[in-house]
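Below you'll find the structure, written out as structure tokens, and then a few comments.
Computed over heavy atoms, backbone and side chain alike; hydrogens, waters and symmetry mates excluded. The sequence lines fix the lettering, A, B, ..., with proteins before strands; numbering per chain opens at 1.
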Amino acid sequence: MPLQASERMVKCDSSRFFAWELVKNGIIAMSVLRIRGFEIHKAYLAAEAQRALIEDLRPILKAAPLFSPSVPGGGQMSVRMTSAGGFGWFSDAAGYRYIDRHPKGRAWPAIPAPVLNLWRAVTGVQRDPDCCLLNYYGQEAKMGLHQDKDEADFSYPVVSISLGDDGLFRMGESRRGGKTDTIWLNSGDVVVMGGEARLAYHGVDRIRFGSSRLLPKGGRINLTLRVVT
DNA sequence: AAGTACCC
DNA sequence: CAAA
């Protein structure tokens with residue numbers, strides 16, 4: 001039985017070993033934020049750890065170039081994306097799903113070890129994620145409210161890592177039409193969506209282009225780690 | 001239906 | 001810009 005995120009946080013305060021694990025993974029602060037009544041655990045990555053992650057993403061972007069999927073109904077997403085791991089998120093007129101290779105045909109690159117270490121440090125779950133979705137938000141990109149519900153087991157949390165420009169994150173409830181709240185996510189924020197929040201509707205209204213200098217050309221990268229199968 | 005419109 |  002994996003530890004719940006809240007128990008993990010308690011251990012953060014009481015266990016010297018766990019604190020060292022956090023430092024090793026570049027985490028310099030942890031907090032609990034409340035949005036829509038959900039308690040969301042958030043870690044914050046040191047600038048050096050953020051820069052190291054960006055370097056780890058370069059080979060992924062080279063091997064598996066960004067693309068903007070179509071969605072059922074005929075639209076096209078403004079976010080550009082790719083994935084690492086055994087599965088990547090994909091969408092076209094036929095629907096949303098996970099696929100085991102880039103749409104151009106090559107297998108997805110492996111998830112970088114530092115990303116897996118970060119997952120282990122913030123979730124404490126026994127299983128590694130098999131999908132690392134990389135979403136790139138340019139100046140006009142946004143993402144409508146949606147649920148992450150194409151995974152086999154919702155007891156695993158979803159981890160979101162924000163890099164680059166600030167993003168206005170909106171979270172609602174587990175049903176459409178409920179009230180929503182927003183929160184700005186900044187570069188280095190690592191959000192764990194588990195428990196009650198796992199099936200909450202969420203999206204990104206807009207980014208604050210140019211607010212960070214992490215990415216020389218601007219924009220926001222969000223890494224989403226999930227156990228898919 | 002992660003698109004849009006509208007709203008918060 | 002996360003309140004009330």
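Atom C1' of nucleotide dA2(B) and atom NZ of Lys149(A) are separated by 11 Å, given to the nearest angstrom. We find that NZ of Lys142(A) is positioned 16 Å from P of dC7(B), with the value rounded to whole Å. When rounded to the nearest whole Å, the span between CD1 of Ile35(A) and P of dC1(C) equals 14 Å. Between Leu145(A) atom CG and dC7(B) atom C1' there is a gap of 10 Å when expressed in whole angstrom units. Rounded to whole Å, the distance from CD on Glu151(A) to P on dA2(B) is 14 Å. What separates CZ of Phe169(A) from P of dA2(C) is a distance of 15 Å, to the nearest Å. Atom CG of Asn135(A) and atom P of dG3(B) are 11 Å apart (whole Å). Rounding to whole angstrom units, OH of residue Tyr137(A) and P of dA2(B) are separated by 13 Å.
Proximity of Tyr136(A) to Leu215(A): side-chain heavy atoms (C-beta onward) are separated by under 4.5 Å at one or more points. Residues Asp150(A) and Arg97(A) are not in side-chain contact: their nearest non-hydrogen atoms beyond the backbone lie 4.5 Å or more apart. Side-chain contact between Trp119(A) and Pro157(A): present, with at least one pair of heavy atoms (C-beta onward) separated by less than 4.5 Å.
Side-chain atoms of Arg170(A) lie closest to dC8(B) of the nucleotides dG3(B), dA2(C), dC8(B). The side chain of Met143(A) has dA2(B) as its nearest neighbour among dC8(B), dA2(C), dA2(B). Nearest nucleotide to the side chain of Pro72(A), out of dG3(B), dC8(B), dA1(B): dA1(B).
Among the atoms of the strands shown, none is found under 4.0 Å from any heavy atom of Ser91(A). Ala93(A) comes within 4.0 angstrom of nothing in the nucleic acid, heavy atoms only. The residue Gly144(A) sits close only to the backbone: its heavy atoms come under 4.0 Å of sugar-phosphate atoms, none of a base.
In this structure, Arg176(A) reaches the dA2(B) phosphate: one of its side-chain N or O atoms is under 4.0 Å from OP1 or OP2. Side-chain nitrogen and oxygen atoms of Lys179(A) include none within less than 4.0 Å of the OP1 or OP2 phosphate oxygen of dC7(B).
Atom CG of Leu168(A) and atom OG1 of Thr182(A) lie 4.5 Å apart (nearest 0.5 Å).
Between Arg198(A) and Asp148(A) there is no salt bridge, since no side-chain nitrogen of the basic residue lies less than 4.0 Å from a carboxylate oxygen of the acidic one.
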